[in-house]
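Throughout, residue positions are numbered sequentially from 1 according to the sequence presented. Only this structure's heavy atoms are used, side chains among them; waters, hydrogens and symmetry mates stay out. Every number for a ligand or one of its atoms is a count from 1 in the order of the listing.
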Amino acid sequence: MNIKTIPTQPFADQKPGTSGLRKKVPVFQQPNYLENFVQAIFDSLEGYQGQTLVVGGDGRYYNRQAIQIILKMAAANGFGRVLVGRGGILSTPAASCVIRKNQAFGGIILSASHNPGGPTEDFGIKYNIGNGGPAPEKVTEAIFAQSKSISSYKLLEASDVDLDKVGSFKLGEMAVEVIDSVNDYAQLMESLFDFDRIRELLTNGRFRMCMDSMHAVTGPYARRLFEQRLGAPLGTVMNGEPLEDFGRGHPDPNLVYAHDLVEILFGNDAPDFGAASDGDGDRNMILGRQFFVTPSDSLAVLAANATLAPAYRDGLAGIARSMPTSQAADRVAEKLGIDCYETPTGWKFFGNLLDAGKATLCGEESFGTGSNHVREKDGLWAVLFWLNVVAARQQSVEAIVKEHWQTYGRNYYSRHDYEGVESDRANSLVAALHEQMPSLKGKQFGSYTVDYCDDFSYTDPVDGSVSKNQGIRIGFTDGSRIVFRLSGTGTQGATVRVYLESYEPNAANHGLDPQVALKDLISIAEEVAQIRHFTAMNQPTVIT
Ligand code: G16
């Protein structure tokens, strides 16, 4: 066995963001760049010798090359076995499922999620721990610390593994098992939902659905589940072939980027149900006929209807949402008499709550919903959950959401993103907000009075760890909120995110366009944060 120890120099920019390390492909292709980060992961772990590692990615450009390097490094560092998805493919929730099912030590997931792929686009890598979830901050901080002092990495000299054949191989002393990418995940989904009822819905000749996999990783999963297991007509899954550049698309399931699907669902003779997922399969968008479900509402509706799905028949332990996500789920939790947790942005903060049995469902406004079945958000799980609810209630998506608003009131919600802002400008905007923070309480803006203004800090109720500076919140006395934060997933410049929320209890006022309902808050956000001035932009680049 020929294990080489290769000298290297640290790179200064390997600090993991909201979800792992994301950079442009050419950055990862620099000599030793990927290798350094992988070695930094291994060096931050203890006790993995002889253990199992799961490896897979969303199939984007550089996925296969990166996997070959990781396999040889895992072998050289003493892992006993690696499970890798065929063709290097594992959706993020499927990777979480495989880690848990096989009691693996951890996993490496290769993805830049919803960001475009291709030779000059984005790539990413993150480490998931043995519970199947993204490494918590103390682990990512340890990885970053290792990356700053690394002086060598270990690599087995060997030829590449054939990733396209399911089977077992040897790489030095280490076993490599190439597994079917879909099987374990599909089995898990079948154990959670009422497949007979969903099959009846999808084959009754009246209900039509359309699933847009956006040429990203969920294509094979969606085809297996909807077209093969549940009997939906062939062609139900569109853009189902995973491509290295996602067909030059932007695999982000929102109203702007999933335009193929939006045109169909908002066109003539639209189907009853539409859904899309992102690059690595953890995000989802749910549409009814000519109707968009905001991710915040989706979490609330699923929570309110959870007992219709076999897995959640006995009720929920609690709900968790990220801080900028609307408070619609809080109202459901209150009615159900269960706790609702508010965490910083990023799925890694839900792991402890799920492990401790404090929360069953989790969600983020950024098109992420999930439960304790894995430790990642899960796009196709959300689609199946919605189908289960529609099948059980025999109502349209629109009717279900409108009834929900009647019961709980409507939380109008929108996020305005300013992308590609120069970092200095974005930092100045945040600094100016910090300066104003102490003087805002009690201030009047039209009919709105500021109740509180702070930079969100979270104390994990399970391990007591504290995460500070997670976004500036301005809360008003009527429960409305404006939140400002900088993205931690971008690869170029900075992205300023502005989250806006107001509450409308009266059903007679539930029919407004959110941009109209939120117009006063939009002006207040501009007045307080001087967004145009600091970003040098007249309007947001993306509104969701
Ligand atoms: C964004 C979203 C977060 C989400 C994160 C990772 O982070 O705002 O809610 O957790 O992406 O999502 P994914 O794994 O799908 O990329 P940020 O920091 O850019 O706002």
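Aromatic pair F123/Y61: ring centres not closer than 6.0 Å. Note: F193 and F385 meet the aromatic proximity criterion, with ring centroids under 6.0 Å apart.
A donor-acceptor pair under 3.5 Å is absent between the side-chain atoms of S96 and the main chain of T92, judged by distance alone. Checking side-chain atoms of D297 against main-chain N and O of V401 turns up no donor-acceptor pair under 3.5 Å.
When heavy-atom distances to ligand 1 are checked against a 4.0 Å cut-off, M323 has no atom that comes that close, whether in backbone or side chain.
Of the protein's non-hydrogen atoms, the one nearest atom 2 (C) of ligand 1 is S366 OG, 3.5 Å. Among all non-hydrogen protein atoms, the one lying nearest atom 10 (O) of ligand 1 is E364 OE1, 2.7 Å. Looking from atom 7 (O) of ligand 1 to the surrounding protein, the closest heavy atom is T489 CG2, 3.5 Å. Atom 1 (C) of ligand 1 has R283 NH2, 3.7 Å as its closest protein atom, hydrogens excluded (heavy atom only).
K148 forms a cation-pi arrangement with F144, by the criterion of a distance under 6.0 Å to the ring centre and an angle within 45° of the ring axis. Judged by the 6.0 Å and 45° rule, R331 forms a cation-pi pair with Y503.
Of all the atoms in ligand 1, the ones that sit under 4.0 Å from a non-hydrogen atom of R22 are 13 (P), 14 (O), 16 (O). Annotation for ligand 1: atoms under 4.0 Å from non-hydrogen atoms of S19 are 6 (C), 14 (O). Under a 4.0 Å criterion applied to the non-hydrogen atoms of S113, ligand 1 contributes the atoms 13 (P), 14 (O), 15 (O), 16 (O). The R485 neighbourhood of ligand 1 comprises atoms 8 (O), 17 (P), 18 (O), 20 (O), with distances under 4.0 Å to a heavy atom of that residue. Of all atoms in ligand 1, listed by their number and element, those nearer than 4.0 Å to a heavy atom of G346 are 10 (O). Less than 4.0 angstrom separates some heavy atom of T18 from each of these atoms of ligand 1: 5 (C), 7 (O), 17 (P), 18 (O). Taking a cut-off of under 4.0 Å to the non-hydrogen atoms of G488, the atoms of ligand 1 that pass are 17 (P), 18 (O), 19 (O).
Distances between N or O atoms of Y499 and those of ligand 1 include no value under 3.5 Å. By the 3.5 Å distance cut-off applied to N or O atoms, L486 is not counted among the residues near ligand 1. For a threshold of 3.5 Å applied to N or O pairs, the pair formed by R497 and ligand 1 contains at least one separation below that value. Considering backbone and side-chain N/O atoms, T345 never comes within less than 3.5 Å of an N/O atom of ligand 1.
At a 4.0 Å cut-off, not a single heavy atom of K348 sits close enough to ligand 1 to count as contact.
Side chain to side chain, N284 and T369 meet the donor-acceptor criterion of an N or O pair below 3.5 Å. Residues Q327 and N411 bring no donor and acceptor atom of their side chains to less than 3.5 Å of each other. In summary, the side chains of E419 and T541 do present a donor paired with an acceptor at a separation below 3.5 Å, with no hydrogens or angles considered.
Across the listed options R415, H114, K377, K377 owns the non-hydrogen atom lying nearest to atom 12 (O) of ligand 1. When the heavy atoms of D282, N115, D252 are ranked by distance to atom 14 (O) of ligand 1, first place goes to D282.
Ion pairing between K24 and D122 holds under the 4.0 Å rule for side-chain N and carboxylate O. Ion pairing between K15 and D13 fails under the 4.0 Å rule for side-chain N and carboxylate O. Of the charged side-chain nitrogens involved, none lies within less than 4.0 Å of a carboxylate oxygen, so that E244 and R60 do not count as a salt-bridged pair.
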